[in-house]
Amino acid sequence: MQFQWYPGHMTKAKRQMQEDIKLVDLVIELVDARIPFSSRNPDIDTLGQNKARLILLNKSDLADEEQNEAWAAFFREKGYYVVRMDARSRAGMKQTLSVIMESCKEKIERDRRKGIINRPVRAMVVGIPNVGKSTFINTFAGRACAKTGNKPGVTKGKQWIRLNKNVELLDTPGILWPKFEDQSVGLRLALIGSIKDEILNVDELSLELIELMRREYPGILAGRYEVEENGSAAEVLGQIAGNRGCIRKGGELDYSKAAALVLDEFRTGRLGKITLEKPAGKA
Ligand code: G4P
């Protein structure tokens, strides 16, 4: 499968991010907990050099809890702070704020030695499209939070959202683009729905999902769709079509409808909490 982004768009966004990163102490990077490797753009490590780094394993409500643990350990080992998150819920706010302070403790200490006390930590949110950046900012900043910084139309400048007296967040996230050099990265992004289905072969995608599911999570398809998991992925899809009434007018099986159904049930979590890649072997 081939994917095309707009290079001009990307260059501009990257330049903007380079500027914005200079203004912050901390980079909060969102990744999708179902594909923490494929939903990262490694350029962020260069862009975020010398900044405190926090990785939010977002959408962890849809991912395998055991793998959430494994990925959190993997990133911590590499020196990142990590929080598992469902950005739609405010439940993780307290923990996240305390990890933000912890991640910037050296900067706070440096300030203190210079006699600067209570200067808020400044952070920005970055990530590839669809990982939940806007959701995170909305949930965490909410309407009640005071906006600080320059007023639009008066002075050109950045809008900062005050999360509490210690932390300010840049109100616009930095967008990174995924890296497609590796085909399996594109495939996994497509599986979680980060690439529009109109440009994809949904049938092919669902066969990949079926392969992956029965290898990594045997029994789930059998249980949900009452199918035999042995046999080819196409045979499994055919059984799903039959059992779920995906039948064309002439009575033949509607594979495409069944494919769309399986993908949708995976993406919305109805197939269960599933992680598509493991940290083992990842650099
Ligand atoms: P972006 O700014 O990074 O591009 O992502 P955005 O916040 O727009 O989120 C993309 C989609 O992911 C949204 O769903 C959002 O609700 C959902 N989402 C964000 N964080 C989480 C999370 O932690 N868990 C789950 N399960 N979903 C999350 P949508 O279908 O595009 O919109 P809507 O259904 O919310 O209207």
Side-chain angles (χ1 to χ4, degrees), residues 3 5-6 9-10 12-14 16-17 20-21 24 27-44 47-48 54-65 67-69 71-72 75 82-97 99-100 123-143 145 159 161 163 169-180 185-186 188-200 202 209 260-261 263-277:
F3 311 99
W5 300 105
Y6 302 104
H9 199 170
M10 279 167 62
K12 188 162 170 248
K14 196 165 164 185
Q16 181 65 51
M17 198 179 318
D20 288 347
I21 278 183
V24 301
V27 175
I28 302 176
E29 180 188 358
L30 271 78
V31 302
D32 191 304
R34 293 165 298 173
I35 51 167
F37 174 75
S38 297
S39 59
R40 291 195 80 203
N41 178 323
D43 290 349
I44 188 62
L47 290 166
L54 168 59
I55 288 188
L56 299 182
L57 278 178
N58 196 39
K59 308 199 187 183
S60 60
D61 53 300
L62 296 172
D64 182 340
E65 199 44 43
Q67 293 304 318
N68 288 340
E69 290 277 356
W71 277 105
F75 286 124
V82 185
V83 176
R84 276 169 281 169
M85 159 100 23
D86 172 352
R88 299 164 310 166
S89 147
R90 287 177 68 86
M93 176 125 183
K94 222 171 149 192
Q95 189 205 357
T96 305
L97 284 170
V99 176
I100 288 175
M124 74 180 285
V125 169
V126 306
I128 68 166
N130 213 37
V131 283
K133 298 179 295 300
S134 323
T135 308
F136 174 78
I137 293 175
N138 285 338
T139 304
F140 275 62
R143 285 225 193 113
C145 287
Q159 283 283 341
I161 308 163
L163 295 184
L169 194 66
L170 193 60
D171 81 339
T172 43
I175 302 172
L176 293 160
W177 271 263
K179 289 232 159 173
F180 286 124
V185 170
R188 289 175 193 150
L189 286 161
L191 284 173
I192 64 161
S194 275
I195 296 167
K196 282 201 174 64
D197 282 343
E198 294 94 82
I199 60 166
L200 298 168
V202 172
L209 180 63
L261 177 105
L263 281 176
D264 183 61
E265 297 207 340
F266 161 68
R267 289 171 182 167
T268 51
R270 277 172 287 170
L271 281 189
K273 294 178 186 292
I274 289 158
T275 301
L276 298 179
E277 57 195 15

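From a predicted model like this one, the values you see are computed outputs, not experimental measurements. Order of appearance sets the numbers: ligands from 1, and atoms from 1 within every ligand.
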Colleague: Could you work out, for atom 9 (O) of ligand 1, the closest of Thr135, Ile137, Asn138 by heavy-atom distance?
Modeller: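 When every heavy atom of Thr135, Ile137, Asn138 is considered, Thr135 comes closest to atom 9 (O) of ligand 1.
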Colleague: Can you name the atoms of ligand 1, numbered from 1 with element, that are less than 4.0 Å from a heavy atom of Leu62?
Modeller: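 Every atom of ligand 1 under 4.0 Å from some heavy atom of Leu62: 26 (N).
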Colleague: What are the atoms of ligand 1, with element, lying closer than 4.0 Å to any heavy atom of Lys133?
Modeller: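 Result: 1 (P), 2 (O), 3 (O), 4 (O), 5 (O), 7 (O).
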Colleague: Minimum heavy-atom separation for Asp171 to Ile137, with atom names?
Modeller: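 Minimum heavy-atom contact is O-CD1, 3.9 Å.
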Colleague: Any idea which of Arg34, Arg267, Lys59 brings a heavy atom closest to atom 12 (O) of ligand 1?
Modeller: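 It is Lys59 whose heavy atom sits nearest to atom 12 (O) of ligand 1.
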Colleague: Is any heavy atom of the protein nearer than 4.0 Å to atom 7 (O) of ligand 1?
Modeller: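 Yes, there is one.
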Colleague: Regarding ligand 1, does Asp61 bring an N or O atom to under 3.5 Å of one of the ligand's N or O atoms?
Modeller: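 Among all N and O atoms of Asp61, at least one is under 3.5 Å from an N or O of ligand 1.
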Colleague: For Asn130, which residues count as a side-chain contact (heavy atoms from CB on, under 4.5 Å) partner, sequence neighbours excluded?
Modeller: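 Lys59, Ser194.
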Colleague: Any chance you could measure Phe136, atom CZ, to Leu30, atom CG, to the nearest 0.5 Å?
Modeller: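 With rounding to 0.5 Å, CZ (Phe136) is 6.5 Å from CG (Leu30).
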Colleague: Under 4.0 Å from atom 33 (P) of ligand 1, do we find at least one protein heavy atom?
Modeller: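 It does not; no protein heavy atom is within 4.0 Å.
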Colleague: Got the closest protein heavy atom to atom 20 (N) of ligand 1, with its distance?
Modeller: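 For atom 20 (N) of ligand 1, the nearest protein heavy atom comes out as Asn58 ND2, 3.1 Å.
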Colleague: Quick one: nearest non-hydrogen protein atom to atom 22 (C) of ligand 1, plus distance?
Modeller: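 Here the closest protein heavy atom is Asp86 OD1, 3.3 Å.
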Colleague: Can you sort out the partners of Phe266 under ring-ring contact (aromatic ring centres under 6.0 Å, His included), two or more places apart, ordered by chain and number?
Modeller: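 For Phe266 there are no ring-ring contact (aromatic ring centres under 6.0 Å, His included) partners, ignoring immediate neighbours.
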Colleague: Under a 4.0 Å threshold between the charged nitrogen and the carboxylate oxygen, would Glu29 count as salt-bridged to Arg40?
Modeller: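 The answer is yes: the pair qualifies as a salt bridge.
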Colleague: Rounded to the nearest 0.5 Å, what's the gap from CD1 on Ile175 to CE on Met17? Could you check?
Modeller: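 Reported value, rounded in 0.5 Å steps: 7.5 Å.
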Colleague: Any non-hydrogen protein atom below 4.0 Å of atom 27 (N) of ligand 1?
Modeller: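 True for atom 27 (N) of ligand 1.
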Colleague: For ligand 1, find out whether one of its N or O atoms is nearer than 3.5 Å to an N or O atom of Gly132.
Modeller: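 Gly132 vs ligand 1: N/O contact under 3.5 Å present.
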Colleague: Between Phe136 and ligand 1, is there a nitrogen or oxygen pair with a distance under 3.5 Å?
Modeller: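 No - when backbone and side-chain N and O of Phe136 are compared with those of ligand 1, no distance drops under 3.5 Å.
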Colleague: For Gly132 and Asn58, which heavy atoms make the closest approach, and how far apart are they?
Modeller: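 Closest approach of Gly132 to Asn58, heavy atoms only: CA-ND2, 3.8 Å.
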Colleague: Closest approach of Phe37 and Glu277, non-hydrogen atoms and distance?
Modeller: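 Nearest pair, atom of Phe37 first, then Glu277: N-OE2, 2.7 Å.
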Colleague: Among all protein non-hydrogen atoms, which one is nearest to atom 10 (C) of ligand 1, and what is the separation to 0.1 Å?
Modeller: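 Protein heavy atom with the smallest distance to atom 10 (C) of ligand 1: Asn130 OD1, 3.1 Å.
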Colleague: Measure the CG-NZ distance between Leu62 and Lys273 for me, rounded to the nearest 0.5 Å.
Modeller: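 Here the rounded value is 7.0 Å.
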Colleague: Strictly inside 4.0 angstrom of atom 3 (O) of ligand 1, do you find any protein heavy atom?
Modeller: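 Yes, there is one.
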